[in-house]
Amino acid sequence: MSHNPRILRITTVSISLEKLLTGQLSFMEQNGFEIHTASHGVFNHPNHNEVISLSRKLNPFIDLKGLFELIKVIREIKPDIVHTHTPKAGLLGMLAAKICGVKIRMHTVGGLPLMEKGKILRNFLKIIERITYASATHVYCNSFGLKDYIARKLYYSKKLNVVGKGTTNGINTKQFHPDAVNQEVIDWHKNELGIEPEDYVFLFVGRIVKDKGIIELVESFESVHQNNKNTKLVLVGHFEEELDPLPHHIREAIAYNSQIINVGYQHDVRPYIALSDVLVFPSYREGFPNVPLQAGAMKKALLLSNINGCNEIVTHNENGLLVPPKTRKELIQAMELLHSDRTFADKLANAAHQSITSRYEQSVVWEALLNEYNLALAN
């Protein structure tokens, strides 16, 4: 091979390249790879970014255009490896790579939207996922639970694998550290948000959508607050009204309940993790979520739904609490327990910090993926 091995990383939207793969692309470049990226929207990578017509929504005209654009990009770049993330980029990227004869075609599954769809749409999305996996030479699930689900429900193959212990990018334990935000910054943010020193803060970070359990979270918090007036709920994330809208009464509660503080999308979530006491993450479905890793590494108590990925990060009553998804009674009980028993909450937070920093350090995840690339190129 006369040139450094070329890798084309494709995601549907550019923010996924930025958030899912923070630091990873530079690491691969430092280890001898020539990195190219493609997505809908501009990605601020030093070089080789291609803007493609891709949409997260089903749109046959845009999707067909995106497929042809990806074929053109692949033929121009001539990558040795095409590696895709997210469902739409996976389908079109793997098809384009196969059409162009790329020998190493990798797709990472970070979650399955079909889990929460109606029967007709779910069956259609199953077909799409199977086409993606059949077009790939390597399929990486970012949690062991997700791998088991795919093997049982969708596609059983020896090409299914998990990199390391799971997660797409690991956690930077120097960046997400208990002392990452100094007290002055924490106090400033609390003052800006109207959080009093005696307030107990529940935190959610992620997309403010139904699939993330926002309905149950808001209603459960309102119930908890009735008996515990020194509680607040901070929401960090953006709404997706087109893809997954919230009911009107939940939007109203977020907008007008003074104890629910919506700060919108934040480029740096660390100050909000630092000012909180508990991360509440009642999502319906995940591959392997990053937010619990970040909060746990910063020594915060974790209250997660008992689903794929989350139940690999947390062992119930040992380094966090798990509750069934789509439930209010258990969520309310867990929130009240952590609020009332601070010693227990601190014990869980310390255990989460220890388990996460020892298992999911970013450099370990990157090395494991680098090894996958080198093995594939050697064969």
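Along the sequence shown, residues are numbered consecutively beginning with 1.
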Review point. Tell me the ring-ring contact (aromatic ring centres under 6.0 Å, His included) pairs involving residues 231-267, sequence neighbours left out?
Key: none

Review point. Do the side-chain N and O atoms of His225 and Thr231 include a donor-acceptor pair separated by under 3.5 angstrom?
Key: yes

Check your understanding: What pairs with Tyr140 under ring-ring contact (aromatic ring centres under 6.0 Å, His included), at least two apart in sequence or on another chain?
Key -> none

Practice item. Return yes when atom NZ of Lys126 has more than 12 non-hydrogen atoms of other residues, nucleotides or ligands closer than 6.0 Å, and no otherwise. Key: yes

Exercise for review: Using distance alone, with no hydrogens and no angle criterion, decide if Glu129 and Thr132 have a side-chain donor and acceptor under 3.5 Å apart.
Suggested key: no

Review point. Does the side chain of Ser14 pick up a donor-acceptor pair with the side chain of His40 at under 3.5 Å?
Key: no

Practice item. Take Arg9 and His85 through the side chain to side chain donor-acceptor pair (under 3.5 Å) test and state the conclusion after the steps. Key: CA-CA 8 Å; Arg9 303 291 290 268; His85 300 260; 3.0 Å; yes

Exercise for review: Over all heavy atoms of both residues, which pair between Cys310 and Phe281 is shortest? Give the atoms and the distance, please.
Suggested key: SG-CD2, 4.0 Å

**Study point:** With sequence neighbours excluded, residues passing side-chain hydrogen bond (donor to acceptor under 3.5 Å, both in side chains) with Asp277
**Key:** none

Check your understanding: Would Asn230 and Glu198 count as a side chain to side chain donor-acceptor pair (under 3.5 Å) if you check the C-alpha gap in whole Å, the side-chain angles of each, and the deciding distance to 0.1 Å?
Key -> CA-CA 7 Å; Asn230 68 327; Glu198 66 274 11; over 6 Å; no

Check your understanding: Are Thr168 and Asn142 linked by a side-chain donor-acceptor pair shorter than 3.5 Å?
Key -> yes

Revision key, fill the gap. Here the ring-ring contact (aromatic ring centres under 6.0 Å, His included) pairs for residues 299-346, sequence neighbours left out, are Tyr200-His339

Study note, to complete from the structure: When every non-hydrogen atom of Gln362 is compared with those of Thr22, the smallest separation belongs to NE2-O, 3.8 Å

Point to revise | Verdict with reasoning, Ser283 to Glu286, per side chain to side chain donor-acceptor pair (under 3.5 Å) | key: CA-CA 7 Å; Ser283 181; Glu286 294 290 330; 2.7 Å; yes

Study note, to complete from the structure: For Glu222, the salt bridge (Lys or Arg N to Asp or Glu O under 4.0 Å) test, sequence neighbours excluded, returns none

Check your understanding: Does atom CD of Glu184 have more than 12 heavy-atom neighbours, drawn from other residues, nucleotides or ligands, at distances under 6.0 Å?
Key -> no

Review point. With a 3.5 Å cut-off and no angle check, do the side chains of Asn31 and Trp366 form a donor-acceptor pair?
Key: no

Study note, to complete from the structure: What one should report as the nearest heavy-atom pair of Gly145 and Glu312 is N-OE2, 2.6 Å

Exercise for review: Provide the closest heavy-atom pair for Gly90 versus Thr84 in the form atom of the first, atom of the second, distance.
Suggested key: CA-OG1, 3.4 Å

**Study point:** Check ion pair Lys329-Glu216 (N to O, under 4.0 angstrom)
**Key:** no

**Study point:** Modelled atom types, side-chain donor and acceptor of Thr86 and Thr12, under 3.5 Å
**Key:** yes

Review point. So, Asn290 and Gln294: side-chain donor and acceptor under 3.5 Å apart, yes or no?
Key: no

Revision key, fill the gap. Scanning both residues in full, the closest heavy-atom pair of Asn262 with Gly237 reads OD1-O, 4.2 Å

Check your understanding: So Lys232 and Asp199, salt bridge (Lys or Arg N to Asp or Glu O under 4.0 Å) or not? Walk me through it.
Key -> CA-CA 7 Å; Lys232 283 190 166 61; Asp199 283 339; 2.9 Å; yes

Practice item. With sequence neighbours left out, write down each residue that passes side-chain hydrogen bond (donor to acceptor under 3.5 Å, both in side chains) with Asp268, or none if nothing qualifies. Key: Arg270

Practice item. Could you walk me through whether Tyr360 and Phe288 pass the ring pair (Phe, Tyr, Trp, His ring centres under 6.0 Å) test, one step at a time? Key: CA-CA 11 Å; Tyr360 301 112; Phe288 198 103; 5.2 Å; yes

Practice item. Decide whether Asn308 and Ser143 meet the rule of one side-chain donor and one side-chain acceptor closer than 3.5 Å. Key: no

Practice item. Give the minimum heavy-atom separation between Leu331 and Ser220, together with the two atoms involved. Key: CD2-OG, 3.5 Å

Check your understanding: Does the side chain to side chain donor-acceptor pair (under 3.5 Å) test come out yes or no for Gln183 and Asp187, once each step is laid out?
Key -> CA-CA 6 Å; Gln183 192 60 48; Asp187 291 342; 2.9 Å; yes

Review point. Is it true that a side-chain atom of Lys159 and a backbone atom of Ala136 form a donor plus acceptor pair closer than 3.5 Å?
Key: yes

